[in-house]
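Below is one structure, written out as C-alpha cells; the observations come after it.
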Amino acid sequence: MKRLIAFLFLVTSAPWCMGASENALVDSVYINLSDNASLQRGARLFVNYCLSCHSAAYMRYRRMAKDLDISEELLKENLMFAGDKPGDLMKTTMPAGYAKDWFGVVPPDLTLIARVREPDWIYTYLRSFYLDEGSPSGWNNSLFKNVAMPHVLYGLQGNQRLISKSGEDDGKPVFRLEKPGTLTPQEYDDVIRDLTNFLVYLGEPVKLDRYLIGVFVMMFLGGLLVLSYLLKKEFWKVLH
Ligand code: HEC
C-alpha cells in the first residue's frame, strides 16, 4: 500500500514539475487559460502588432473567436485584416520574399511558438529588447542575441538600454528605461503576460478541455481503485 501511495504521489505531482522553466535567466509568468479577458486582450495585441510579419497559420479567425467568446461583429471590426473572412487562416500579408530581404530571415509562424519556446521564455523575450545602434534594426535582445526582429512594442514599453548583461544578483541583465512608452513598466509586463497567455492558447487550443477531461479520468480511476481494493479484500476473506 505504501508503494502505491508513493506511486500515486509521483504521478500526480509530475505535471506541476514539468511546468517550471529550467532556464534560470528567464522571468516566470503566470499562465491562466481560463482568464478570457486576458486572452482577448492578448488576441487584440497579437493581431495589431504581430500578424503584420508573423502568421498563425494553423488557426482560423472563427475558431479563435468562438474559443475566446468574441462576437463575429467584434472579430470583423477589430481583429481581422480588411478582405479576410472569418473562416480564413490567420496568415500574414507580408510576402516571405520581402521579409527575407528586409530582415535576413523569414519571421517564423507563431502558432506553436509557446510549445517550442516556453511561456517564460516568450514573456522574458518580449521584455528584453534594448537599443543597439550597431544592429541593422537599431534593436537587440538580451535573451536572443542579434535578433532580426525589431522592437515592435517600443511605443508601449519605451526605449531601454542594457546597462549590464548579468548585473543582478541572480545573473539577470539590468536595463535602464531611457524614454518611457505609453505604459508604465508594470502595465507593460501585464500586457506581455496577456500576449503570452494568448500564445499558449494558440499552441494548444484544447488544453483547457484536456485538463478537465484529465481530472475526470483521475477521479474515475480513483473510484475504481477504491472499488477494486474493497473487492480484493472481499475475495481474500472468502479464500482464507
Ligand atoms: C516587423 C516584423 C515583425 C513583427 C511586427 C514582429 N516580429 Fe517577431 N520576429 C520577426 C523576425 C524577423 C524574427 C526572426 C528573428 C531571428 O531569427 O533573428 C522574429 C522572431 C520572433 C520570435 C522568436 C522566434 C524563435 O526563433 O524562436 C518570437 C517569439 C516573436 N518574433 C514574437 C513576436 C510577437 C509576439 C510579435 C508581436 C508583438 C512579433 N514577433 C512581431 C519579425 C517581426
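Order of listing sets the numbers, starting from 1, for every ligand and every atom in it. Just so you know, these numbers come straight off a predicted model, no measurement behind them. Values below: all heavy atoms of this structure, side chains included; hydrogens, waters and symmetry mates excluded.
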Next item on the list: Of the side chain and backbone of A99, name the one, both, or neither that has a heavy atom under 4.0 Å from an atom of ligand 1.
Entry: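 Within the 4.0 Å criterion, A99 makes no contact with ligand 1.
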Give the atom numbers and elements of ligand 1 that come within less than 4.0 Å of a heavy atom of [X].
X    : value
I113 : 24 (C), 27 (O), 29 (C)
V152 : 4 (C), 5 (C), 38 (C), 41 (C)
V147 : 15 (C), 18 (O)

Which residue and atom name correspond to the protein heavy atom nearest [atom], and how close is it?
atom                    : result
atom 2 (C) of ligand 1  : C53 SG, 1.9 Å
atom 28 (C) of ligand 1 : Y125 CE2, 3.4 Å
atom 32 (C) of ligand 1 : L110 CD1, 3.7 Å
atom 14 (C) of ligand 1 : V105 CG2, 3.7 Å
atom 38 (C) of ligand 1 : C50 SG, 2.7 Å

Next item on the list: Going by the side chain to side chain donor-acceptor pair (under 3.5 Å) test, name the single residue among R44, Q40, R41 that passes it with D194.
Entry: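 For D194, the side chain to side chain donor-acceptor pair (under 3.5 Å) check succeeds only for R41.
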Notebook entry, point to check: Looking only at heavy atoms of F144, does any of them come nearer than 4.0 Å to an atom of ligand 1?
Noted result: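 Yes, that is the case, since the closest heavy atom of the residue is under 4.0 Å from the ligand.
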Next item on the list: Could you tell me if any non-hydrogen atom of I122 lies under 4.0 Å from any atom of ligand 1?
Entry: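 The answer is no: ligand 1 sits nowhere under 4.0 Å from a heavy atom of I122.
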N/O donor-acceptor pair under 3.5 Å between [X] side chain and [Y] backbone:
X    : Y    : result
D84  : M80  : no
N48  : L45  : no
Q157 : P185 : no
T92  : S52  : yes

Margin query: Nearest 10°: the angle subtended at atom 8 (Fe) of ligand 1 by H54 NE2 and M149 SD?
Written below: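 Value returned, to the nearest 10°, is 180°.
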Next item on the list: Apply the side-chain contact (heavy atoms from CB on, under 4.5 Å) test between P119 and each candidate in T124, I31, N197, L199; give the one that qualifies.
Entry: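 Answer after filtering T124, I31, N197, L199: I31.
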Note to self: Given G104, S52, A148, A114, identify the one with the heavy atom nearest to atom 18 (O) of ligand 1.
What the structure shows: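 Considering heavy atoms of G104, S52, A148, A114, the nearest to atom 18 (O) of ligand 1 sits in A148.
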Next item on the list: May I ask which of H151, K145, R117 has a heavy atom nearer to atom 27 (O) of ligand 1 than the others do?
Entry: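 It is R117 whose heavy atom sits nearest to atom 27 (O) of ligand 1.
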Checklist line | L224 to S228 - nearest heavy-atom pair and separation | finding: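 For L224 versus S228, the nearest heavy atoms are O-OG, 2.5 Å.
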Check: Is it the case that Y201 and D67 place a side-chain donor and acceptor less than 3.5 Å from each other?
Finding: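 Side-chain D/A pair, Y201 to D67: present.
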Check: If you draw a 6.0 Å radius around CZ in R210, do more than 12 non-hydrogen atoms from other residues or ligands fall strictly inside?
Finding: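 Count over threshold, so yes.
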